Each structure stands twice: as structure tokens, then as C-alpha cells.
2 protein chains.
Amino acid sequence: MRLTTKGRFAVTAMIDVAMHGANGPVTLAAVSERQRISLSYLEQLFGKLRRSGIVASVRGPGGGYHLARAAAQLSVAQIIVAVDEPIDATQCGGLENCHDDRRCMTHDLWAGLNNHIFSFLSGVTLAQLVAQQEQAAIRAALHDARPAPAGTTPCKVPVTAAV
Amino acid sequence: MRLTTKGRFAVTAMIDVAMHGANGPVTLAAVSERQRISLSYLEQLFGKLRRSGIVASVRGPGGGYHLARAAAQLSVAQIIVAVDEPIDATQCGGLENCHDDRRCMTHDLWAGLNNHIFSFLSGVTLAQLVAQQEQAAIRAALHDARPAPAGTTPCKVPVTAAV
DNA sequence: GTTTAGTTGACTAATTTGTTCGGGTATACA
DNA sequence: TGTATACCCGAACAAATTAGTCAACTAAAC
């Protein structure tokens with residue numbers, strides 16, 4: 001289980017699809033514009049998401065992507081695994097160059113940690129993230145009750161974001 | 001909080017130091033040989049670990065690295081943060097190019113997930129990993145009671161390792 | 001003073017990330 | 001039947017990151 005910006009893009013895009021999918025399929029062009037992710041990159045990501053059965057596509061005009069399952073049935077772990085392909089398998093997967101025990105120590109160790117992180121992210125559903133996001137939007141609307149001039153909202157990134 | 005092989009190398013090396021640190025400092029050369037990590041790469045990683053106050057160094061003959069605190073006081077999160085520098089801060093940290101709300105949506109979202117993962121990994125101590133590793137070694141020793149020919153132990157990587 | 005081992009920095013190859021381009025194909029709609 | 005929409009696919013690419021190498025230096029033990 002890797003955790004890179006690639007997976008974040010995928011999750012972000014999936015949240016966007018989940019939030020805008022009420023009235024039919026969501027186009028990647030719309031996601032691209034809203035989330036500022038290059039269209040082609042989205043195409044690559046959604047190709048994987050589709051092949052993983054996480055989203056389904058509708059071609060032609062009025063087409064786009066929609067969730068293949070309910071948002072409550074889709075976990076962050078599934079999304080990340082779909083786009084952040086495994087590769088590696090920790091350097092000796094099926095290879096025979098794994099002779100000394102030490103090597104295996106690393107593997108077992110990380111397999112364990114992987115399991116922990118994976119099961120944690122498996123417990124976080126898209127539905128939860130969407131709900132969290134919608135609440136945040138409501139809070140923001142209430143807080144900035146006065147009509148703020150467009151394009152001036154400061155971006156408050158919690159300190160921990162840099163972690 | 002990124003989660004890459006770099007962090008894994010660091011944690012693996014730290015476990016090695018923790019397990020072999022009973023009789024004085026552990027040299028990177030020894031870690032390099034046992035864990036099959038390039039010496040120079042370890043030097044880079046331990047440079048960061050030292051500057052983060054996670055390990056302390058002893059120079060000269062008989063020198064090496066030892067934990068700066070008890071293994072029970074060192075979390076996986078600390079190690080990973082030390083070597084996997086933050087960079088990014090999710091693309092707009094202090095920058096002013098964060099105008100539309102959507103951008104901030106991503107940030108808040110990931111800050112939240114970061115917090116979750118971070119606090120989870122903060123709860124995993126080096127001492128726990130060492131204990132887990134020692135138990136595994138004991139199990140392996142009991143299981144492979146017969147004297148296995150050197151260099152033939154198969155490397156069993158759990159399926160989930162590929163995740 | 002010689003050896004050990006940390007310390008630093010520069011430099012490199014390989015991989016990953018994110019993007020751009022250039023073409024396809026399926027479908028709704030006129 | 002045509003045309004616009006939007007999914008699909010692959011190649012090529014710059015930038016960043018990862019992992020490793022090399023070389024020179026400093027502190028300490030013996």
C-alpha cells in the first residue's frame with residue numbers, strides 16, 4: 001500500500017463524481033475543471049478505476065462516469081489500490097533471490113503494517129468523505145455569511161497537512 | 001503523510017538498529033549488510049534521522065548509531081516523517097494560487113485523512129515492531145526445526161504484501 | 001598516526017508523476 | 001446519415017523522486 005499524490009488525485013476525483021452524480025453521469029471534463037486535474041491524467045486514472053469495477057462509463061453525448069456501487073460501499077483503500085498499482089511486491093515477490101532470513105523479515109514486517117493501513121483505509125468509505133465534505137461546505141457558508149468577493153477566500157490548510 | 005519505499009527502508013533499518021543495539025552502537029555497514037540496503041543510502045537516511053533526534057551517533061572506532069530514545073517512545077510515524085520530507089504541503093501551502101473553494105476541498109479532505117493515518121502510525125512503536133519481529137523469528141525457528149540447508153528458505157510473502 | 005566510522009555534498013540512473021498530443025470508437029440527436 | 005459528445009487508448013515527454021555511487025572530510029579509539 002503506497003500513499004502518493006496519485007491516489008489522492010483519484011480519491012479527490014471520485015468524491016467529485018460522487019457529489020455530482022445525482023443527475024446522470026459526470027464527465028471527466030467537468031471533474032478536470034472543478035478539481036484542476038489534467039483531463040488526460042483523469043482518463044488514465046478512470047481507466048484503471050473502471051477496470052477495477054469501481055466506476056462504470058457511459059459513452060456518447062450525455063455520457064460520463066458514475067459509481068459502480070453505492071458510495072457507502074466504496075472504500076478509499078479500493079480506490080488507491082486501483083490506481084496505485086502494486087508493482088514491487090517488496091522486491092522479491094516470486095523471485096528466487098530471497099535467500100537469507102533477513103530479507104523475509106522486512107517483508108513480513110511490511111505486510112503487517114500494510115494490513116493495518118489497508119484495513120484502516122478500507123473502513124473509510126466514499127460516502128463518509130462526501131458527507132464530511134458537505135458539512136465543511138455548510139460550515140464555510142455559515143461562517144462566511146457575508147458575500148465574500150469572489151476569488152479571495154483564503155485557503156486554510158491545517159498544519160498537519162504538511163505531514 | 002506519504003508512504004513510500006523510502007519510509008520502509010528507514011523503518012526496516014531502525015528495527016535493525018533496535019534489535020542489534022544491545023551491545024553498543026550499530027554501524028551502518030552492518031545494517032547495510034543485514035538488510036541489503038546500500039550504505040550510502042543509509043547514510044542519507046540516518047542523516048535525516050539524526051537531525052530529527054530519532055537516533056544519535058557515535059563517531060570513531062566502535063561507533064555507530066543508537067536510538068535517541070527508548071524503542072517504546074519511537075513511533076513509525078516519526079521515522080517516516082523524518083525521512084519522507086513533507087514537500088508539497090498539498091500544492092498551495094502558503095501560496096496564493098488557491099482561489100476557488102474546490103481547491104481547498106481537496107486540502108481539508110487530505111488533511112483529515114493525513115491526520116487519521118498519522119495518528120494511527122503514531123500509535124505503532126518501534127518496540128512493538130521489534131517484539132513482533134522477534135516472535136516471528138521464534139515461530140520460524142520452531143517451525144523449521146530440521147536444519148534447513150542454507151540459502152533455500154523460501155520467501156513467503158503474504159498476498160496482502162502486494163497491496 | 002593509523003584505522004574506524006560518521007558527515008557532507010555532488011552526481012547519476014531508473015522510476016514515477018503529471019501532462020500533452022494525436023488518434024480512435026460508441027452513442028445521442030438532428 | 002451526419003455530427004457533436006465523450007469515452008478510450010497509446011506514445012512521448014519534462015519534472016520530480018528514488019536509489020545508489022563516489023569522493024572528500026572530521027572525530028575518536030587504539
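The sequence lines fix the lettering, A, B, ..., with proteins before strands; numbering per chain opens at 1. This one's a predicted model, so the numbers in the text were calculated from it and none came from an experiment.
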Is the B:Y65 ring parallel, tilted or perpendicular to the B:F46 ring (thresholds 30°, 60°)?
tilted
Let's see if you can work this out: which of C:dA26, C:dT20, D:dT18 has an atom nearest to the side-chain heavy atoms of A:R59?
C:dA26
Counting side-chain heavy atoms from CB outward, which of C:dG18, D:dC22, D:dA19 is closest to B:S40?
D:dC22
Which nucleotide sits closest to the side chain of A:S38: C:dT20, C:dG6, D:dC7?
C:dT20
Taking the minimum atom-to-atom distance to the side chain of B:T5, which one of D:dA19, C:dT7, C:dT19 wins?
D:dA19
Integer-rounded Å distance: D:dA16 C1' and B:K6 NZ:
11 Å
Among the nucleotides C:dT25, C:dG6, C:dT16, whichever has the atom closest to the side chain of A:R2 is C:dT16
Between B:Y41 (OH) and D:dT21 (P), how many Å, whole number?
12 Å
Is any NZ, NE, NH1 or NH2 atom of the basic residue among B:R2 and B:D84 found under 4.0 Å from an Asp or Glu carboxylate oxygen of the other?
yes
Pair of N/O donor and acceptor under 3.5 Å linking D:dG20 base with B:Q44 side chain:
yes
Identify, between A:R50 and A:G60, the residue whose nearest nucleotide on DNA chain D lies closer to the 5' end.
A:G60
So if I take every side-chain heavy atom of A:P61 and compare against D:dT5, D:dT26, C:dT20, which nucleotide ends up nearest?
D:dT5
Value in whole Å for how far the P atom of C:dG6 lies from CZ of B:F46
9 Å
Protein-nucleotide distance (B:E43, atom CD; C:dA10, atom P), rounded to Å
16 Å
